[in-house]
Number of protein chains: 2
Amino acid sequence: MKILVIEDEPDMLDNIVRSLEAEKYVVETAATFDAALEKIHLYQYDCILLDISLPDGNGLAILQELKEMDAAQGVIIVSARNSVDDKVAGLNLGADDYLPKPFHIAELHARVKSVLRRRKFEGSRLIELGNLKVDPEERTVYVNDTLLTLNRKEYDILLYFISNKNRLVSKTALGEHVWGDQIDEADSFDFIYSQIKNLRKKLKAQEAHLEIQAIYGIGYKLLLT
Amino acid sequence: MKILVIEDEPDMLDNIVRSLEAEKYVVETAATFDAALEKIHLYQYDCILLDISLPDGNGLAILQELKEMDAAQGVIIVSARNSVDDKVAGLNLGADDYLPKPFHIAELHARVKSVLRRRKFEGSRLIELGNLKVDPEERTVYVNDTLLTLNRKEYDILLYFISNKNRLVSKTALGEHVWGDQIDEADSFDFIYSQIKNLRKKLKAQEAHLEIQAIYGIGYKLLLT
DNA sequence: AGCAGCTTATGAAGATTCTGGTAATTGAAG
DNA sequence: CTTCAATTACCAGAATCTTCATAAGCTGCT
């Protein structure tokens, strides 16, 4: 699960990020209006935490932008300006929840969880692909109706491949989606290789009709076989 | 996938090119009307990004030219002049999409991807040639219904030959299509020779009724035998 | 024909990337 | 702290792609 935190106060930001990362979310941040806009357009998130009192632009404009993009993530507004107007404006613009400052971290987690759960229900149906069934809600995968136990990374990778079926997935894109954007140019891709290897082994062991094909020098592609 | 970017502002151009190259597209550029015309006539592209407000000629004229050439690539118009007229004129002249400035890079990528995908689906069916069958979507090649395993480069070369059947293919054109324009005048063509050699060997081993004929001093030609 | 100067072909070595095994590290749970 | 699973690192070998050296072929010239 990938979360974007838009917040300008460094302390607060740090706090939120640490606590979310402790819960195993992949967290990215934006401290300014522009940075936020860029991230929103570049990557896909499952949930966005938005402080609407940013220094260089109104956070509500970001909401507007998100709505126009027709994106599918959940949005939780965080604000110290606890006016009813702000709240109404935010929810009208499609925010999923509103969290007044100050708040307790546990409260934040609960809201995030609830938004993610709600979102999941909306799009919740089995994804079928060959003899494979994926239940995004339970994060479970079935091959011929027997359960395939995947680790977190393996599952994330598989789901990313599935949502990019027949499309080419660059190693950097895969890396950014599954590991967050801390990936460096200079980094090796050993951890990707390792995970791909394990995923392939498990898929093969259950005779899934899927193949992760390597494209030399570029990345991978998921094929039905 | 080869993309031509026609754009006169250096910053913007640089930006676009970098981002597309990061996605592993082969990118070429033209900053003026004349340069664009030349490239269009000389090479084949899978997609063209066209800024219609060029300094030395109306970008729409390029669209017109493309249409008359009956070329098969996708065209995305980029423009800061966001008048409805421009948009309508562009789409009427056969553009596939219209992207108003300013835009976010991710938006651009999405459009490019979508145009390329659409194009691919249109032309997606088995290509038959002698006793050879090519499935462009799966990137597979069959000779007498047995699979012929080709590497990426070998496949790219074969497909380029096939799409230029009976036509003469210059080494530079082939090189630029398969390797992109990182090819230098000073470069040798050893890698082309090597790949051609391997491709020929594989075609011969499976007794494909195809022959890659060298034309001394000019290039190659694919013949049915 | 014979030769010079070029282009093309070929096999082998080199470089890079990918694979699949194993091992080390990290992290969570008891 | 210990234990077990998850994740990452390391490595040898395979596959892919490029470079290199050298051979062979073509063209125009005398």
Side-chain angles (χ1 to χ4, degrees), chain A residues 1 18-26 139 141 148-158 161 168-172 174-175 177-180 182-205 211-223, chain B residues 24 26 139 141 147-158 160-161 168-180 182-205 211-223:
Chain A
M1 285 295 160
R18 281 167 194 278
S19 72
L20 289 175
E21 279 178 344
E23 299 283 315
K24 300 297 164 203
Y25 296 110
V26 172
R139 290 177 68 90
V141 179
L148 180 63
T149 25
L150 295 182
N151 299 335
R152 189 203 325 280
K153 299 281 188 214
E154 289 161 359
Y155 176 85
D156 285 347
I157 291 172
L158 178 60
F161 275 129
L168 204 150
V169 172
S170 76
K171 275 190 315 238
T172 43
L174 181 63
H177 190 267
V178 176
W179 279 266
Q182 73 265 31
I183 286 190
D184 212 344
E185 271 299 326
D187 265 339
S188 82
F189 292 103
D190 277 356
F191 42 93
I192 294 187
Y193 294 145
S194 282
Q195 296 290 350
I196 294 268
K197 174 188 54 183
N198 294 335
L199 180 53
R200 284 210 267 233
K201 198 197 281 176
K202 288 188 180 177
L203 288 175
K204 199 167 186 179
E211 192 194 329
I212 298 170
Q213 190 185 41
I215 315 280
Y216 189 93
I218 309 218
Y220 292 94
K221 204 168 134 184
L222 185 70
L223 293 180
Chain B
K24 301 297 171 200
V26 172
R139 293 176 67 92
V141 180
L147 183 65
L148 179 62
T149 27
L150 295 182
N151 300 335
R152 198 159 57 90
K153 298 283 188 214
E154 290 162 0
Y155 175 85
D156 285 347
I157 292 172
L158 178 60
Y160 189 61
F161 276 128
L168 207 148
V169 171
S170 78
K171 275 202 314 271
T172 43
L174 180 62
E176 289 193 358
H177 190 267
V178 177
W179 279 266
Q182 76 258 34
I183 289 189
D184 214 343
E185 271 299 326
D187 265 338
S188 80
F189 290 100
D190 279 355
F191 43 87
I192 294 187
Y193 296 143
S194 281
Q195 296 289 354
I196 294 264
K197 175 189 56 179
N198 295 335
L199 179 53
R200 274 174 174 156
K201 199 197 282 175
K202 287 188 180 177
L203 288 174
K204 200 167 185 179
E211 193 194 329
I212 297 170
Q213 189 185 39
I215 317 269
Y216 188 89
I218 314 244
Y220 293 94
K221 206 165 133 182
L222 186 69
L223 294 180

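Bear in mind that the values here come from a model prediction, so they are computed numbers and not experimental data. What's counted below: heavy atoms across the whole structure, side chains too, no hydrogens, waters or symmetry copies. Below, read A as the first sequence line, B as the second, and so on, with proteins coming before strands; counting in each chain starts at 1.
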With a 4.5 Å heavy-atom cut-off, do [X] and [Y] have their side chains touching?
X      : Y      : value
A/L199 : A/Y155 : no
A/L203 : A/I212 : yes
A/V169 : A/H177 : no
B/L174 : B/I196 : yes

When you measure from the side-chain N and O atoms of [X] to the phosphate of [N], is any distance below 4.0 Å, counting only OP1 and OP2?
X      : N      : value
A/K24  : C/dG27 : no
B/W179 : D/dC17 : no
B/K197 : C/dT8  : no
A/R200 : C/dT19 : yes

What is the distance from [atom1] of [X] to [atom2] of [N], rounded to the nearest Å?
X      : N      : atom1 : atom2 : answer
B/I196 : D/dC17 : CD1   : P     : 14 Å
B/L199 : D/dT16 : CG    : P     : 14 Å
B/F191 : C/dT16 : CZ    : P     : 16 Å
A/K202 : D/dA6  : NZ    : P     : 6 Å
B/D190 : C/dA13 : CG    : C1'   : 13 Å
A/K201 : D/dA6  : NZ    : P     : 13 Å
B/L174 : C/dT8  : CG    : P     : 12 Å
B/K221 : C/dT8  : NZ    : P     : 15 Å

Hey, does [X] reach any base, or is it just sugar-phosphate, or nothing, if we go heavy atoms under 4.0 Å?
X      : answer
A/K204 : nothing
A/I215 : sugar-phosphate
A/E154 : nothing
A/L150 : nothing

With no angle test and no hydrogens, is the base of C/dT10 tied to the side chain of B/S194 by a donor-acceptor pair under 3.5 Å?
no

If you go through the side-chain atoms of A/S188, does one of them form a donor-acceptor pair with the base of D/dA9 closer than 3.5 Å?
no

Select one nucleotide: of [options], the one nearest the side-chain heavy atoms of [X].
X      : options               : answer
B/Y220 : C/dT8, D/dT8, D/dT19  : C/dT8
A/N151 : D/dT18, D/dC17, D/dA6 : D/dA6
A/Y216 : D/dC17, D/dT8, C/dA12 : D/dC17
A/Y193 : C/dT7, D/dT7, C/dT17  : C/dT17

Looking at A/R139 and A/D156, does any basic side-chain N land under 4.0 Å from a carboxylate oxygen?
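Here A/R139 pairs with A/D156 in a salt bridge, since their nearest N and O are under 4.0 Å apart.
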
Determine the interplanar angle of the B/Y220 and B/F161 rings, folded into 0 to 90°, and report it as parallel if under 30°, tilted if 30 to 60°, perpendicular if over 60°.
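B/Y220 and B/F161: perpendicular rings.
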
